[in-house]
Amino acid sequence: MTEANAVQDAARDLAPVYRDLHAHPELAFQETRTAAIVADRLRALGYDTTTGIGGTGVVGILRNGDGPTALLRADMDALPVREETGLPYASTAQGLGGDGQDVPLMHACGHDMHVACLLGAAAVLAADRSAWRGTALLVFQPAEEIGEGAQAMIDDGLYDRFGTPAVVLGQHVAPIPAGVLGLHPGAAFAAMDSLHVVLHGRGGHGSRPEATVDPVFMAAATVMRLQGVVSREVAGGATAVVTVGALHAGTKGNIIADRADLHLSIRTSDPAVRDTVMAAVERIVRAEAAASGAPREPDITPTESLPAVRNDPAACARTRDGFAADLGSVLVVDPGPVTGSEDVGIFADAAGVPCVYWLLGGADPQAFAGAQDMQALERIVQSLPSNHSPQYAPVIEPTLTTGINALVSAARTWMPASG
Ligand SMILES: [Zn+2]
Ligand SMILES: [Zn+2]
């Protein structure tokens, strides 16, 4: 069997698995069906397979002689989003959300593609063991979307039980053209901090504002003022995002509520910028509460915090050279730093080894037909549904084949057959 055939066979085999995973999304730490499919396939391929790591995580190990260990990682969880792709394999699934409410479920971030690609790479690595030497440590991680899965697997003894890798490798599907990879050395994915803010007012009748402290007005002023943090306090060349993604207050037009709840998501790439932004957000929230005459101080509670993903530059160069040698037809671009966040860096930080994490193009290449330059390409990327959108779904091909090829290439680069 030739190399190209092994990848083609894996991609053909995994396309229905991808559609099945897409139709059956599962929320963070509830990925039991997905984990069972993964474990069955890994066992059938001869991987030493363990389930239930860090909750619902799966580890598959293939030992192939003396040599380095490379960790290849895919995340498995989906999101509480109602799918609107109109695809024949679109999800209609419902599940139990964090607050105990029924929520629609969708693989709106493409983690189903990550799983299918890594299963494909598992098959290709098992099929041709003469092309690499070492230990392939395949990690199928739960709960990336809530930023807890990687840490849960580390805390469950991932490295004590299965050994420490020499490198952490992985990919995330993105709305760049399928058949293209994006690899940025340095700060590749932003740090994320999520905050829950409660602004306290004094409730009362909607006809008597003088007897109340209106938290809706306080929240509106806070949201507007927070948008000055990035534009007025962060240098033009630095990267930061402040998003108020949720704002809840009140029940009825003639009732002034007694509190407003805000949920913020903050992205930064540089620790000093992060400190500046976090301090500014707290200062503004407290100052707007004081400006309204709030009866008490606001509550500001951090709910999630993820470090930035730093791609090791030397390790990126080595991996990229491997892509160039193995994937002649695949274009590798530098997308610059991404403001999205990821917990994959936790695997590398915990092992003290380099991380190489790239973007896997998932957008229909036909959407880019006629684009003459980078600016035209970027305009098209911005017009396409992004990850987490109800319309987001990668095209299966050439995404799946490219993703399998990229993982196999990176694995062989870090576990060379000779040397
Ligand atoms: Zn996501
Ligand atoms: Zn994701």
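We're numbering straight along the sequence, starting at 1. Just so you know, ligand 1 is whichever comes first in the structure, and atom 1 is the first atom listed for that ligand.
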Which donor-acceptor pairs under 3.5 Å do side chains of residues 393-406 form with protein atoms, sequence neighbours excluded?
unit_1, atom_1, unit_2, atom_2, d
Glu397, OE1, Thr401, N, 3.2
Glu397, OE1, Thr401, OG1, 2.8
Glu397, OE2, Thr401, OG1, 3.0
Thr399, OG1, Val395, O, 2.5
Thr402, OG1, Pro398, O, 2.6
Asn405, ND2, Thr401, O, 3.3

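Checking each of Asp334, Val356, Thr319 against Pro185 for a side chain to side chain contact (heavy atoms under 4.5 Å, CB included) leaves exactly one that passes, namely Asp334.
Side-chain N or O atoms of Glu288 include none that pairs as donor or acceptor with a backbone N or O of Arg225 at under 3.5 Å. Distance alone, capped at 3.5 Å, is enough to place a donor-acceptor pair between the Ser91 side chain and the Ala93 backbone.
Around the CZ atom of Arg318, the shell of radius 6.0 Å holds more than 12 heavy atoms that belong to other residues, nucleotides or ligands.
Around the Zn ion (ligand 2), the protein contributes the following N, O or S atoms at distances under 2.8 Å: Cys109 SG, His111 NE2, His172 NE2.
Interatomic distance, Ile284 CD1 to Gln227 CD, rounded to the nearest 0.5 Å: 9.5 Å.
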